[in-house]
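These notes concern the structure reproduced below.
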2 protein chains.
Amino acid sequence: MYRIGELAKVCEVKTDTLRFYEKHGLLAPSSRTESGYRIYTQTDADRLRFILRAKAVGFTLAEISELLSIELDKANWACADVKGLVDDKLSHVEQKIAELERFRRSLSSLSQACCGGPESAEHCSILEALETNCDQIRCENHRHDAKQTHKQ
Amino acid sequence: MYRIGELAKVCEVKTDTLRFYEKHGLLAPSSRTESGYRIYTQTDADRLRFILRAKAVGFTLAEISELLSIELDKANWACADVKGLVDDKLSHVEQKIAELERFRRSLSSLSQACCGGPESAEHCSILEALETNCDQIRCENHRHDAKQTHKQ
DNA sequence: CTTGACCTTAGATTTAACTCTAAGGTTTAT
DNA sequence: ATAAACCTTAGAGTTAAATCTAAGGTCAAG
Ligand SMILES: [Zn+2]
Ligand SMILES: [Zn+2]
Ligand SMILES: [Zn+2]
Ligand SMILES: [Zn+2]
């Protein structure tokens, strides 16, 4: 039996978070004291840990709600249903990774094209790429107009 | 010279977006008609394309504001400043990718541990992993209690 | 001269997951 | 018995980047 602050401490979340989960139907305390304080049982704590593990693999709270309703009524759901949720999430995550990979490659090209030195940005390859077309980044370092080479 | 709807069309954004960029200091039309309609010049259009290219490589609008203020006053900024913005963004993107990669690996393990069949989820490896510890996923397929093997 | 496409504004709504605030009641220890 | 720590509620604020709404003004064509 835990009060909200105790459960929050053992699970390393804030009391606000537990009230938020309750408001959103993810986790309600099994009972209340006469004065209205929330009382969580071990079962409640286990449910919270389920939620936190699901969060740790990337599920949103809406998805976790689905998982919890399956968890509470396993007999009426199939492995296919559970795996479906996981696979949907997996492909979503893979899509997001692909987008970020595109960002990473573009940024990396931009970075490599710029000397990063103390010279004026008037001829910075990064700015030039953004002015014209990011696909056409000249990956060799740009030259600043002065005859002197870049300071190292 | 474009009116808002024309510029929106050639750059494939919504008029709402252009008004939003104006409200947030990213792009203001060079003038207005007597009746208040926005008039964008070619320079304005170029600035919009700069913004859109920067978005395409992952910069937020706040970061794009910084880039734009450098772009408008290149002589007083160094390559180092520009490259710094790019490198900060790059490491941020890499961090985000790393997190999503952890999600991807966990989800992939979960997916592989589940038969995905029409059998009851009572012994689903995915749910068991979320109940106990996601790090200890048995990657061989679980067995359902019935003697019959899973339907293919 | 009216229809329809386009434009104006300010402000509300969306999404996700909290986080914070204000104003007050309860428990526990000293 | 009083102070500190804890609890309660409803509701507002945060972040990012739009997107939508309402109520109304402008302009070209037929
Ligand atoms: Zn340089
Ligand atoms: Zn440079
Ligand atoms: Zn199965
Ligand atoms: Zn399963």
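In what follows, chains are A, B, ... by sequence order, proteins preceding strands, each numbered from 1.
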- In whole angstroms, how far is the C1' atom of dA16(D) from the NZ atom of Lys89(B)? 11 Å
- Task: Give the B/S/- string for nucleotides 12-24 of chain C, one per nucleotide from 5' to 3', where a protein heavy atom under 4.0 Å of the base yields B, of only the sugar-phosphate yields S, and otherwise -.
- Result: -----BBBB----
- Message: If I take atom CG in residue Leu26(B) and atom C1' in nucleotide dA16(D), what distance separates them, rounded to the nearest angstrom?
- Response: 12 Å
- Under the ring-ring contact (aromatic ring centres under 6.0 Å, His included) test, residues paired with Tyr21(B) that sit two or more places apart: none
- Summary of side chain to side chain donor-acceptor pair (under 3.5 Å) pairs that have at least one residue in residues 76-86 of chain B, sequence neighbours excluded: Asp73(B)-Asn76(B)
- Which parts of residues 97-105 of chain A get close to DNA chain C, meaning a heavy atom less than 4.0 angstrom away? none
- Interatomic distance, Arg32(B) CZ vs dC6(C) C1' [rounded to whole Å]: 14 Å
- Message: Suppose we screen for side chain to side chain contact (heavy atoms under 4.5 Å, CB included). Which residues come up paired with His24(A), at least two apart in sequence or across chains?
- Response: Phe20(A), Leu26(A)
- Task: Report the distance from atom CG of Leu48(B) to atom P of dA18(D), rounded to the nearest whole Å.
- Result: 11 Å
- side chain to side chain contact (heavy atoms under 4.5 Å, CB included) with Ser69(B): which residues, sequence neighbours excluded? none
- Message: Going by the rule side chain to side chain contact (heavy atoms under 4.5 Å, CB included), which residues pair with Thr60(B) if we only count those two or more places apart in sequence or in a different chain?
- Response: Ala62(B), Glu63(B), Lys89(B)
Show every donor-acceptor pair shorter than 3.5 Å between a side-chain atom in residues 92-99 of chain A and any protein atom, with sequence neighbours excluded, or say none if there are none.
from	atom 1	to	atom 2	distance (Å)
Lys96(A)	NZ	Glu99(A)	OE1	3.4

- Item | Spacing between Ile4(A) atom CD1 and dT9(D) atom C1', to the nearest angstrom | 12 Å
- Message: My understanding is that a hydrophobic cluster links ILVMFWY residues whose side chain heavy atoms are under 4.5 Å apart, including indirect links. Using that, what else belongs to the cluster containing Ile39(B)?
- Response: Met1(B)
- Under a 4.5 Å cut-off applied to non-hydrogen side-chain atoms, are Val86(A) and Val57(A) in contact? no
- Task: Quickly work out the Glu22(A) CD to dT9(D) C1' distance and round it to whole Å.
- Result: 12 Å
- Item | Spacing between Arg19(A) atom CZ and dA12(D) atom P, to the nearest angstrom | 18 Å
- Looking only at side-chain N and O atoms, does Arg38(B) come under 4.0 Å of OP1 or OP2 in dT8(C)? yes
Show me the donor-acceptor pairs within less than 3.5 Å that the side chains of residues 2-10 of chain A make with the rest of the protein, sequence neighbours left out.
from	atom 1	to	atom 2	distance (Å)
Tyr2(A)	OH	Gln42(A)	OE1	3.0
Glu6(A)	OE1	Arg3(A)	N	2.8

- Presence of salt bridge, Lys74(B) and Glu131(A), under 4.0 angstrom: yes
- Under the ring-ring contact (aromatic ring centres under 6.0 Å, His included) rule, what pairs show up with a residue in residues 28-64 of chain A, not counting sequence neighbours? none
- Would you mind building the protein contact string for nucleotides 25-30 of chain C? One character per nucleotide, 5' to 3', B for base within reach (heavy atoms under 4.0 Å), S for sugar-phosphate only, - for untouched. BBS---
